[in-house]
Amino acid sequence: MPTATPTVSPAPLPRPPLWQPGPSEVQPDVKRRAVELVAALGAWPPGGQGVEAARARVAALGLPPALADQAGPLAPAAPEASLEVIVAQYGGILDDSASVLVVCRQWTRGADGSVAEGGTTVDVRLSRAEPRWTVTALHPGVAGPAAAAPPPAVARVLAEPRIELPPEAAADLRSGTVHDSALEAMLRLAGPYTLSVSVVRTGHPLDVFGTTRPSDHPPGRAFDVWRIDGMAVVDPATPRQLIASFMRDAAAAGSYNVGGPVAIPGAGRQFFTDDTHHDHCHVGFDH
């Protein structure tokens, strides 16, 4: 009598808990709204793929189902997917509109059972509404292909254990489109600090939010840091002196435009603080 071959179930995909804003956030529910949408579009159970299923998940959040049509790389053709939101930071926050940059890691299972890991950063646009803000558009980032010969500093940054890069930011570096000024500053700051980068180029608004002034991010001349030495910039328990020291050292590393939650007294126009930068430090370069 033939022996039956046991069926081996594939290992489950990672299922990280959904990222939640802390109480010290500026307008925490704005971020929560953006994260809920990205999670609904970027994760689904076996057989839950496809735009119609995605539209139903979006509608269940009380948001326009047509937003599912803008998912792009967030919704690859895979029978199953799971998603981790690494961090959600502001690309801009005004009285009636906002940009939330949702930084993601994603796992997908292929039809053959194989698992692929990747990720994207999604610029989620919102406007004020009652009882909750609503999403008006989303712009998932698509990093360029890896360069055949990226600048030498790229390999040094990617190999530096004191620099933490999410998938899209790492892809930006591999594309060879990040300026040496930003790369060298990351390496210099990684001497005294461990820095968790959120956004480099891809996924950031083209203009400084609420203005027509081009941002330094899309040309590869800026990076954002959301955590220093393992402590979130937005967390009030993170010493303000640590953040101020980081901001000053970023300027010493060549940045002409350093933003963060701490006002640097007597520092002139090189430093700035506002609600958008309550949750991260911006390090920008003019070349």
Side-chain angles (χ1 to χ4, degrees), residues 4-22 28 31-89 100-124 135 138-146 158 161 163-175 196-200 202-203 226-227 230 232:
T5 302
T7 301
V8 178
S9 299
L13 296 181
R15 299 289 176 186
L18 187 63
W19 182 92
Q20 295 291 337
K31 288 190 176 183
R32 185 178 293 109
R33 193 68 156 150
V35 167
E36 288 170 350
L37 173 63
V38 170
L41 290 173
W44 54 87
Q49 72 272 30
V51 69
E52 291 304 323
R55 287 174 181 159
R57 294 194 297 271
V58 173
L61 297 174
L63 290 169
L67 288 168
D69 301 341
Q70 302 174 26
L74 193 59
E80 182 184 5
S82 65
L83 185 92
E84 176 190 19
V85 173
I86 298 168
V87 67
Q89 77 166 48
V100 178
L101 310 183
V102 184
V103 183
C104 303
R105 179 176 289 109
Q106 187 181 48
W107 296 268
T108 54
R109 192 185 307 283
D112 61 355
S114 61
V115 176
E117 180 178 338
T120 188
T121 296
V122 188
D123 176 8
V124 181
V135 177
L138 63 155
H139 306 282
V142 181
L158 292 173
I163 301 174
E164 300 173 349
L165 295 164
E168 191 105 88
D172 282 338
L173 267 63
R174 294 189 186 98
S175 73
S196 300
V197 174
S198 49
V199 178
V200 181
T202 309
W226 72 275
R227 193 166 59 182

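All values below come from the heavy atoms of this structure, side chains included, with hydrogens, waters and symmetry mates left out.
Nearest heavy atoms, L41 versus A71: CD1-CB, 4.3 Å. Smallest separation of non-hydrogen atoms from P166 and V103: CB-CG1, 3.5 Å. Closest of all the heavy-atom pairs between P140 and T120 is C-OG1, 4.2 Å. Of all non-hydrogen atoms in S82 and A43, the two that sit nearest each other are CA-CB, 3.9 Å. The shortest heavy-atom contact between L158 and L165 is CD2-CD1, 3.8 Å. Here the closest non-hydrogen pair linking L101 and G203 is CD2-O, 3.4 Å.
With sequence neighbours excluded, the residues that form a salt bridge (charged side-chain N to carboxylate O under 4.0 Å, His left out) with R55 are E52, D69.
Here salt bridge (charged side-chain N to carboxylate O under 4.0 Å, His left out) pairs that include residues 166-175, with residues two or more places apart or in two chains, are D172-R201.
The backbone N or O of A88 sits less than 3.5 Å from a side-chain atom of K31, completing a donor-acceptor pair. One N or O on the side chain of R57 and one on the backbone of G48 form a donor-acceptor pair closer than 3.5 Å. Using modelled atom types, no side-chain atom of E36 and backbone atom of L61 make a donor-acceptor pair closer than 3.5 Å.
Expressed to the nearest 0.5 Å, how far CG of L18 lies from CZ of R32 amounts to 9.5 Å. The structure places CD of Q49 at 11.5 Å from OG1 of T108, a figure rounded to the nearest 0.5 Å.
For the pair R33/V124, no side-chain contact is recorded, criterion being any heavy-atom separation below 4.5 Å from C-beta on. Looking at P167 and I86, their side chains come closer than 4.5 Å, going by heavy atoms from C-beta outward. When side chains are defined from C-beta on, V58 counts as touching L37, because their heavy atoms get closer than 4.5 Å.
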Pairs of donor and acceptor atoms involving the side chains of residues 74-81, under 3.5 Å and at least two apart or interchain, shall be tabulated with distances.
{"residue": "E80", "atom": "OE1", "partner": "R109", "partner atom": "NE", "Å": "2.8"}
{"residue": "E80", "atom": "OE2", "partner": "R15", "partner atom": "NH2", "Å": "2.9"}

